There are 2 protein chains.
Amino acid sequence: MRVTIKDVARKAGVSTATVSLVLHDNRRISVETRKRVLKAIHELEYQPSQLARGLVMKQTGNIGFILTEDHFLRTEPFYTRIFLGTEFEARESSHFVLLTTIPTQFTEENSLPRFVTQQSVDGIIVAGKVPQLLIEKLKHYNMPFIFIDYYPPKGDYSAVLIDNIHGGMVATEHLIKLGHKEIAFIGGDMEHPSINERYIGYKMALEKHGIRYRSELVITSEEATGKESGLHAVCSLLDRDIKFSALFACNDAMAIGAMECLRKRGLKIPDQVSVVGFDDIESDVFQDPPLTTIAVPKFDLGIEAMRLMREVLANKVRKNKKVLVPVELVLRKSTSPLKK
Amino acid sequence: MRVTIKDVARKAGVSTATVSLVLHDNRRISVETRKRVLKAIHELEYQPSQLARGLVMKQTGNIGFILTEDHFLRTEPFYTRIFLGTEFEARESSHFVLLTTIPTQFTEENSLPRFVTQQSVDGIIVAGKVPQLLIEKLKHYNMPFIFIDYYPPKGDYSAVLIDNIHGGMVATEHLIKLGHKEIAFIGGDMEHPSINERYIGYKMALEKHGIRYRSELVITSEEATGKESGLHAVCSLLDRDIKFSALFACNDAMAIGAMECLRKRGLKIPDQVSVVGFDDIESDVFQDPPLTTIAVPKFDLGIEAMRLMREVLANKVRKNKKVLVPVELVLRKSTSPLKK
DNA sequence: TATTTTTAGTTAAACGATTAACGAAATGAA
DNA sequence: TTCATTTCGTTAATCGTTTAACTAAAAATA
């Protein structure tokens, strides 16, 4: 049988209320009594029942974490790292994180995760781009939710986001400082806020340094944001004989595809074209040359989301807060000063 | 305020006990009353509190899922797929799965996952190879645990395992049927039960078909089981001028490394050397040529573990049961009939 | 008809915590 | 000395379920 608060109370010769008060650091209990209780707790290896506690406190102690199947199963451990950050930070407040996936194509037929309908969580964290329908359905439940790395096009929410604009600026400025003026940008799925923001950063950097924005240097027509799109985008640039000495890809996958194309066409990286990516995925280091990129601190994103969740849970009146997690330029070998 | 069983009882004009009995399909309740109660439940959208339920039933409804950090963050979504299977199957019995990671080097300083010490789970699933120390610590708690894809060297446990021996046989027999007689085996980390079993399967297949086992065709000295090890193993074979027309690698990573070496040395795959791997990882398809392999159903492993957990939970007296999940040969382009 | 059995439901205790309200003893103020 | 405060704990209600034990009415049996 499990050790309960009653056993502790009996052993320490006090009431269960006293034990509970000790557990909650209530100063109404004298130092000696406190010690006695603590001793009993320790000797019996007492662990409060989360169930009983939750029942009276009206909270489950659980946080739901929702990902689309695609995102969870991605080869690149992006969202898994974010989850890990959340799970890690959850330990600080004794929360548990219930991870579940939803179909990438979430339709009317699909039901919400069980932890939502059963109200088995105190709050929900949604990571990555999810269908609008999911969000609409979630709203019906009186539970706070927080987005990570995605901000729905309409509505006002709490969210933990990558500082994409700044990242886009830093990436572009890095190239500018190396002397580049003809800097191409390749992106895809421009509806995605993150991608779009990186693009904005690119434009802002150009403006700041007095470099004219040239639309022929920009590819935003790709559907996807994978390696193939990157390859395709750069090839189309090359096919049209457009000259550029540097290239900023909206993410590393596209950057890697881009490099593949450049290599195929016999262009030397970084001597003839410098390349900067965004994300800092694992395979960057194994590229030839290793890819210079903007590092996104995945773990931190998860941590920040959990912290924000705690704030929201503690004080419901708070307005929707956004946290921008800073990014960092990681210098590797795919960029170099402009050669004449 | 949350809708409780009391609200339902009031609305249906019965006692809370009746509602509870209806919820549990007790036949003591007449059809009409039952209908009335069900109607009330539906109209109020009543959802029983898992907390209250768990408190009286003395079960949490949670299952803990433990992975080492390395395994969770692996680029190849192997363990994540297993987890997904467990999470999926958990829905059947309204369980929640609490996923957590432990340091890959789990030492005395590291504490067990909180859900263990706090007894917030009814059972524990451990996936992949974990330090023996973890297992020893886990034993102190009166909780059933089940291993997936790993069986500790000592002790007797419930486990869901890949049918490695059979897989090893199938892979080898496939090569034999193609006419190959000089079949090399490359493996690493031979202490790992899975690897060792695949090796056993290899030997059994040879014996079954009357092919003499030749130790010079076998490399078991590699420390790791990655791409580099595969490359190194095959190179060392080639360096010693050992002839073989086919190769069975203990996993796909090593197989891919092996192919890299073969390609470097100018050997054609599959014309000069046929290669079979094991695991069926995502990148197999992108190899040149695509890798023939033994497919491991990751999702199923997770499902089986959850099912087994339910059995264990329902009937504690049951002896430790092992489930062997069948594997399947996946024909791609890296094997072909022996050419004279 | 009287008695037993079955049916259909209720009552109330229990699960293991938290906490408002209360109270006895010690301390302080008048 | 008397009354008010403070200190240190306790009592008891509560959270939302489940279920053993009970009961009243109906049905079956004698």
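This structure is a prediction, so every number in the text was calculated from the model and none was measured. These numbers come from the heavy atoms of this one structure, side chains and all, not from hydrogens, waters or symmetry mates. So you know, we letter chains A, B, ... as the sequences are listed, proteins then strands, and number each from 1.
- In terms of modelled atom types and a separation under 3.5 Å, the side chain of T80(A) and the main chain of L73(B) share no donor-acceptor contact.
- The six-membered or imidazole ring of H192(B) lies near that of Y150(B), with a centre-to-centre distance under 6.0 Å.
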Please output the side-chain donor-acceptor pairs of residues 44-51 of chain B that fall under 3.5 Å, not counting sequence neighbours, one pair per line with the distance.
from, atom 1, to, atom 2, distance (Å)
S49(B), OG, L51(B), N, 3.2
S49(B), OG, A52(B), N, 3.0

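- Among the atoms of the strands shown, only primed sugar atoms or phosphate atoms (P, OP1, OP2) are found under 4.0 Å from some heavy atom of S30(A).
- Taking 4.0 Å as the cutoff to heavy atoms of chain B, we find the contact window on DNA chain C bounded by dA8(C) to dG16(C).
- Put simply, the side chain of N320(B) gets close to the backbone of D156(B): a donor and an acceptor are under 3.5 Å apart.
- A donor-acceptor pair is defined here as one N or O able to donate and one able to accept, closer than 3.5 Å; such a pair exists between the side chain of D122(B) and the backbone of G61(B).
- Contacts of R34(A) classified as salt bridge (charged side-chain N to carboxylate O under 4.0 Å, His left out), with partners at least two apart in sequence or in another chain: D25(A).
- Residues passing the salt bridge (charged side-chain N to carboxylate O under 4.0 Å, His left out) test with R10(A), sequence neighbours excluded: D7(A).
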Exercise for review: If a protein heavy atom is under 4.0 Å from the base, mark B; if only from the sugar-phosphate, S; if neither, -; do that for nucleotides 13-23 of chain D going 5' to 3'.
Suggested key: --BBBBB-B--
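- By the side-chain hydrogen bond (donor to acceptor under 3.5 Å, both in side chains) test, E304(A) pairs with no residue at all, sequence neighbours left out.
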